[in-house]
Amino acid sequence: MATTYDAIIIGTGQAGPFLARRLTGAGMKVAIIERKLFGGTCVNTGCIPTKTLVASAYAARMARRANEFGVVTGAVSVDMKRVKARKDEVSGQSRTGLEGWLKSMKHCTVYEGHARFESPREVSVGAERLTAERIFINVGGRASTPRMPGLEQVAYLTNSSMMDIDFLPGHLIIVGGSYIGLEFGQMFRRFGSEVTIIEMAGSLIQREDEDVSSAIKEILEQEGVHIRLNAKCIGFSRHGEEIAAQVDCTIGAPEVIGTHVLLAVGRSPNTGDLGLEKAGVSVDSRGYIVVDDQLRTSVPGIWALGDCNGKGAFTHTSFNDGEIVAANLLDNDPRRVSDRVPAYALYIDPPLGRAGLTEAEVRKSRRSALLGKRPMTKVGRAVEKGETQGFMKIVVDAQTGEILGAAILGTGGDEVIHSILDVMYAKAPYTVIQRAMHIHPTVSELIPTMLGELQPLTEKAGADMAR
Ligand SMILES: Cc1cc2nc3c(=O)[nH]c(=O)nc-3n(C[C@H](O)[C@H](O)[C@H](O)COP(=O)(O)OP(=O)(O)OC[C@H]3O[C@@H](n4cnc5c(N)ncnc54)[C@H](O)[C@@H]3O)c2cc1C
């Protein structure tokens, strides 16, 4: 006999718990199912632990730079056991807080185990059968492990197993020069490891503009991170106690010898073991659940939220998915995924805050546009803090004055970007920010100044303006 609920939520990632609160608040009887750690990727192996580790790495960096600020310290060393303990505490508090909240939520029943569809309205968890008219899938994703020659001969790490590291790797080889790889790369360099990042493409974080990508490369290289681009034929073999990574680049040594390998080459959705075929839910060729603009799957009464739907790969996109579904179901508010402005951050130091289109995407669209750009060396707050790496830039539609996109690579960039993001969401012209009085001394105070110096987006503009 199946137990009947008004709604079943599979997974306790970034959308599920919020949705449970909204649905129970509306008087529904809800079941939520978690097979492993409450809070999913962000809480346990993603954002929260990595940003806690980034904070330790920043402290190490500033301790080493103390002399520049007139502060006298002794030799600086990093105790990796304490770094990990701090990370475990922050992440653990978040996990147990969420677990306790769900377990004490009125009208909500928590099941612990692997959920699987038995039919479009029925889910099994071990021997239990649950049924509901509405089912929400929030199963997230995991690190991809693509086939690479020799990978089976060597031990490798992923973002999940990195969480167990309580020692300093001698030489960490990171495969993948995107967000996850770069964050771990800079962090472990600051802890004291030798680090090599191997990237198949010709630039780091390929989706970014060339100037952003090369500034990031420079920032990392200045700290002693080795970067190998155009690594077309990556493979591995054992080299005594160590690991050899074949890079086969056109320049540089053909092999990198390291002590540990981290694979950071993308994510795959957790949809293969969910019994989706029994429910008739469609997935695309990469396993992402196909959804419409309001996150409905191909089967009426089943929704997919978060990383498993391929519409976003961030905590804020997953949480926003939950808000969209709740608004449509409970508030008679037809919110849509296409309403949101793409936004994200890269948490190297200094961070990159991004909103909307890149400059390259605007150029490709051939619309008439204006560009503003300012190096952080011309931002007083950055100079005062001794953190002048990077730049900020913004692209504006020349006809409507709407902001099309922005990148702030510099101290506080992850926070400052929101002043631009909110105006973009409001579809207001850039003059709204330009006329606002911003606080001194901040990085944000230079955004109106940058907007007062816009120039037509020509072939040359950009390169010249950054000087
Ligand atoms: C190293 C790293 C750093 C990151 N940093 C950031 C960042 O700084 N900012 C940011 O916005 N994003 C970041 N992300 C991405 C972010 O973590 C994810 O986008 C976010 O967690 C997506 O959450 P979700 O709701 O889709 O699912 P998840 O958080 O992945 O949760 C899914 C849950 O479902 C459970 N589950 C899966 N299958 C089943 C099943 N069959 N039955 C029961 N339960 C199941 C899982 O155990 C898991 O708990 C990072 C990711 C990584 C890997």
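All ligand and atom numbering here is 1-based and tracks the order in the structure. Because the structure is predicted, anything quoted here is derived from the model rather than measured.
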Check for me whether Lys29 meets the cation-pi criterion with Tyr5, that is, NZ or CZ under 6.0 Å from the six-membered ring centre and within 45 degrees of the ring axis. yes

Can you tell which part of Thr50 has a heavy atom less than 4.0 Å from ligand 1: side chain, backbone, both or neither? side chain

Under 4.0 Å between a side-chain nitrogen and a carboxylate oxygen: does that hold for Asp166 and Arg82? no

Which one holds for Tyr347 and ligand 1: side chain close, backbone close, both close, or neither close, with close meaning a heavy atom under 4.0 Å? side chain

Atom 47 (O) of ligand 1 [closest protein heavy-atom partner, distance rounded to 0.1 Å]: Glu34 OE2, 2.6 Å

Any side-chain donor-acceptor pair under 3.5 Å between Ser318 and Gln14? no

Nearest non-hydrogen protein atom to atom 15 (C) of ligand 1, with distance, is Ala313 O, 3.5 Å

In this structure, atom 18 (C) of ligand 1 is nearest to the protein heavy atom Asp307 OD2, 3.3 Å

Under 3.5 Å, is there a donor-acceptor pair linking the side chains of Arg335 and Asn328? no

Any heavy atom of Arg116 sitting closer than 4.0 Å to ligand 1? no

Note: ligand 1 atoms sitting under 4.0 Å from heavy atoms of Thr45 are 1 (C)

Of the protein's non-hydrogen atoms, which lies at the shortest distance from atom 10 (C) of ligand 1, and what is that distance? Thr315 N, 3.5 Å

Give me the nearest non-hydrogen protein atom to atom 41 (N) of ligand 1 as residue plus atom name, then the distance to 0.1 Å. Ala115 O, 3.1 Å

Checking the N or O distance criterion of under 3.5 Å, is ligand 1 in contact with Ile10? no

Val395 and side-chain contact (heavy atoms from CB on, under 4.5 Å): which single residue from Asp209, Leu357, Ile403, Val362 fits? Val362

So His316 and Phe314, would you call those rings parallel, tilted or perpendicular, with 30° and 60° as cut-offs? parallel

Closest approach of any protein heavy atom to atom 37 (C) of ligand 1, naming residue and atom: Val139 O, 3.3 Å

Out of all atoms in ligand 1, which are within 4.0 Å of some heavy atom of Gly113? Include the element for each. 42 (N), 43 (C)

Tell me whether the rings of His260 and Phe167 are parallel (<30°), tilted (30 to 60°) or perpendicular (>60°). tilted

Could you tell me whether the side chains of His226 and Glu221 share a donor-acceptor contact shorter than 3.5 Å? no

Are any of the N/O atoms on Arg267, whether in the backbone or the side chain, positioned under 3.5 angstrom from an N/O atom of ligand 1? no

Nearest-neighbour protein heavy atom for atom 8 (O) of ligand 1, which is reported as residue plus atom name and distance: Lys51 NZ, 2.8 Å

Looking only at the side chains, is there a donor atom on one of Gln389 and Gln222 sitting less than 3.5 Å from an acceptor on the other? yes

Under 4.0 Å from one or more heavy atoms of Gly140, ligand 1 contributes atoms 26 (O), 27 (O), 28 (P), 30 (O), 32 (C)

Would you find more than 12 non-hydrogen atoms of other residues, nucleotides or ligands less than 6.0 Å from Arg64 atom CZ? yes

When you compare ligand 1 with Phe314, is there at least one nitrogen or oxygen pair between them that comes in under 3.5 angstrom? yes

Can you sort out which atoms of ligand 1 are near Gly40, meaning under 4.0 Å from one of its heavy atoms? 29 (O), 31 (O), 48 (C), 49 (O)

Please list, in number order, the atoms of ligand 1 under 4.0 Å from a heavy atom of Gly141. 30 (O)

Modelled atom types, side-chain donor and acceptor of Thr4 and Thr131, under 3.5 Å: no

Atom indices of ligand 1, in the order listed, that fall short of 4.0 Å to a heavy atom of Ile33: 43 (C), 44 (N)

Only one of Leu409, Asp349, Leu182 forms a side-chain contact (heavy atoms from CB on, under 4.5 Å) with Ile219, so which one is it? Leu409

If the cut-off is 4.0 Å to any non-hydrogen atom of Gly306, which atoms of ligand 1 fall inside it? 26 (O)

Short list, please: which atoms of ligand 1 are under 4.0 Å from a heavy atom of Leu37? 49 (O)

For ligand 1, note which part of Val43 has a heavy atom under 4.0 Å away: side chain, backbone, both or neither. neither

Please state whether Gly312 comes within less than 4.0 angstrom of ligand 1, counting heavy atoms only. no

Can you see whether His171 engages Ser193 through a side-chain donor-acceptor pair at a distance of less than 3.5 angstrom? no

The closest protein heavy-atom partner of atom 44 (N) of ligand 1 is Arg35 N, 3.2 Å

Of Gly275, Ala345, Gly46, Ala15, which has the heavy atom at the shortest distance from atom 52 (C) of ligand 1? Gly46

For Glu112 and Lys36, what are the C-alpha separation, side-chain angles and deciding distance, and is it a salt bridge (charged side-chain N to carboxylate O under 4.0 Å, His left out)? CA-CA 8 Å; Glu112 291 182 64; Lys36 209 171 169 198; over 6 Å; no

Counting only heavy atoms, which portion of Ala143 has something under 4.0 Å from ligand 1: side chain, backbone, both, or neither? neither

Is it true that Thr52 and Lys87 share a donor-acceptor pair across their side chains at a distance under 3.5 Å? no

